[in-house]
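All remarks here apply to the structure that follows.
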There are 2 protein chains.
Amino acid sequence: MSIGADPEPGLLSRIVSDMQAAGGDPLYLKMAQTIGALIEAGELRGGAALPSERDLAKAAGCSRVTVRKAIDELCRKGIVSRRHGAGSFVAKQIDQPLSVLVGFTEDMKRRGAVATSRVLEREVALADPSDILKLGLSPTETVLRLTRVRLSDGEPLAIESAVVPASAIDIPSMGESLYDALRASGNMPVRALQRIHAGIATAEDAGLLGTAPGSPVLRIERRSFLSNGRAIEVTTSSYRGDRYDFIAELTLDP
Amino acid sequence: MSIGADPEPGLLSRIVSDMQAAGGDPLYLKMAQTIGALIEAGELRGGAALPSERDLAKAAGCSRVTVRKAIDELCRKGIVSRRHGAGSFVAKQIDQPLSVLVGFTEDMKRRGAVATSRVLEREVALADPSDILKLGLSPTETVLRLTRVRLSDGEPLAIESAVVPASAIDIPSMGESLYDALRASGNMPVRALQRIHAGIATAEDAGLLGTAPGSPVLRIERRSFLSNGRAIEVTTSSYRGDRYDFIAELTLDP
DNA sequence: AAGTGGTCTAGACCACTGG
DNA sequence: CAGTGGTCTAGACCACTTT
């Protein structure tokens, strides 16, 4: 037997004992979280074998169906892969899927920078026709329009203009992060579509971004949706082409 | 009862009878395909209710677990959404998730245009250090390097340079489409990461794309991977900023 | 209260991988 | 060959929505 590919001895009991600690989640999620934590903590290296589904079920005192749901979850996140007839293994390349729905603040944090911003415009106004169309509003609704220069480690990186229905956030208590405010009011989007194209900085863009007019910018229009499919945010941004890359993941089977 | 939200009468028998036709796939996939086909054919509109899981199981003569797996599949693709305690419904906005892994030819087809190309360079050569790094090759391996101007409906849209290990395709039989060749040799990637940023056209770019030097371009570097995680393709492209948008989907939970 | 999806069980058989 | 994941069953109870 090739030792490297076999489940680490004692792994089974580690998983089961750690699992007791988890909260009120369903059993299959607890198991997925427990195994996921062991992987993220580096205790299970890439390529390491998980215990077999039957062993996990026996040790955890649950059915194999439940174990399968737990491993399904880990496969969905891409941190475990299955091989029919062979076993389940920790995925080798934990290439962070960077196409995750986050706001500017979190995006910068993930890139190891600190986000700040300078507000250019902040108003509550009647939705204009374009907002009505993109957000699916009624013509009498009001929106918060927030235009900011976004800075990364103190350097201007983007001009961002966000529009959200005024009813979706508690404006007085809102801080720097729009997404924190959306989350606080239970309106955090779960999905977004981005349209990305290349443009060149206008004189105004250049002044705000500290670049030369005619320099390249990445223009991004983001529409974000709640889990019920309702649009909750439209943001248009212009990023400095020389300082920002957008990373997208594509998959074969949608 | 609100008629619009109830399952269409006769729907159950439609699903079950159509299901018999499907091939050797597992039962849950057959059911998912059958329902998915009804939705794509427009027979089930957005918001329409599916029959309950118990009804589907009874009508199809299978267990509810199997029905749930079928509906899981449809939910994963985003064409059905569940509401606990209420039912399962056809998703309202079948906003095609456009961030699907396809080559230029298929991308243009989906946008309703015809793709052609003009080959600038086509050679089999030793992998250079950059290829070795990005594709994980050994220094003695050879690669196919294919540089083309890509045209959409006859107009230049992009300059694309692809590198694949020579061992991964049958070069003599290869046609216009690199992805067709990869598929034919069983090396179709299932996943890719794209790095996208904005740039401006050099004089050479401009000449090939038929634009002015200094006009905006979208520079895309794509690395594609097989299901076993091995890198199979690196393509760098420059798209005309005025004629191409990249569309990406972001989700909250990776 | 009735009906829905969400979780879970304790089995079973099949298809595949590996020694 | 033994062991693995892949599919499937016939139930059960819980949590939630709707009427």
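Just the heavy atoms: all of them, side chains too, but no hydrogens, waters or symmetry mates, feed the values below. Below, chains carry the letters A, B, ... as their sequence lines are ordered, and counting in each starts from 1.
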So does [X] get a side-chain nitrogen or oxygen closer than 4.0 Å to the phosphate oxygens (OP1/OP2) of [N]?
X: B:S52; N: C:dT4; result: yes
X: A:K69; N: C:dC8; result: no
X: A:S88; N: D:dT4; result: no

Sugar-phosphate, base or nothing in reach of A:I71, heavy atoms under 4.0 Å: nothing

Classify the nucleic acid contact of A:R54 as base, sugar-phosphate or nothing, counting any heavy atom under 4.0 Å across all strands shown. base

Name all residues meeting the side-chain hydrogen bond (donor to acceptor under 3.5 Å, both in side chains) criterion together with [X]; count only those two or more places apart in sequence or in a different chain, and write none if there are none.
X: B:R222; answer: B:Y179, B:Q194
X: B:S173; answer: B:D170
X: A:R183; answer: A:D180
X: A:S63; answer: A:T66

Which nucleotide in the list [options] gets nearest to the side chain of [X]?
X: B:R68; options: D:dT17, C:dT17, C:dG5; answer: C:dG5
X: A:A86; options: C:dT17, C:dA10, D:dG5; answer: C:dT17
X: A:T66; options: D:dT7, D:dT9, C:dT9; answer: C:dT9
X: A:Y28; options: C:dG5, C:dT7, D:dT4; answer: C:dT7
X: A:S63; options: D:dC8, C:dG6, C:dT9; answer: C:dT9
X: B:E53; options: C:dG5, D:dG5, C:dT7; answer: C:dG5
X: A:P26; options: C:dT7, D:dT9, C:dT17; answer: C:dT7

Relative to the 5' end of DNA chain C, which residue comes earlier, A:L27 or B:R83, by the nucleotide with the nearest heavy atom? B:R83

Is it the case that the side chain of A:E141 and the backbone of A:S138 share a donor-acceptor pair, with hydrogens and angles ignored and the cut-off at 3.5 Å? yes

Distance-only, no hydrogens or angles: does the A:N187 side chain make a donor-acceptor pair with backbone N or O of A:A168 under 3.5 Å? yes

Which sits closer to the 5' end of DNA chain D, A:R82 or B:C62, going by the nucleotide each is nearest to? A:R82

Earlier contact from the 5' end, DNA chain D, for A:D55 and B:D25: A:D55

Using only modelled atom types and a 3.5 angstrom limit, is any donor from either the side chain of B:R64 or the base of C:dG6 paired with an acceptor on the other? yes

Measure from NZ or CZ of B:R195 to the centre of the six-membered ring of A:F246, then state whether that distance is under 6.0 Å and the direction lies within 45° of the axis. no

Could you give the [atom1]-to-[atom2] distance, from [X] to [N], as a whole number of Å?
X: B:H84; N: D:dC16; atom1: NE2; atom2: P; result: 6 Å
X: A:L56; N: C:dT9; atom1: CG; atom2: P; result: 13 Å
X: A:E73; N: C:dG6; atom1: CD; atom2: C1'; result: 14 Å
X: B:D72; N: D:dG6; atom1: CG; atom2: C1'; result: 15 Å
X: B:D6; N: D:dT18; atom1: CG; atom2: C1'; result: 11 Å
X: A:F89; N: D:dT4; atom1: CZ; atom2: P; result: 10 Å
X: B:K58; N: C:dT4; atom1: NZ; atom2: P; result: 11 Å

Dot-bracket notation for DNA chain D is requested: 5' to 3', Watson-Crick or G-U wobble pairs only, both distances under 3.5 Å, with ( ), [ ], | and . as defined. ||||||||||||||||||.

Who pairs with B:D72 by salt bridge (Lys or Arg N to Asp or Glu O under 4.0 Å), at least two apart in sequence or on another chain? B:R82

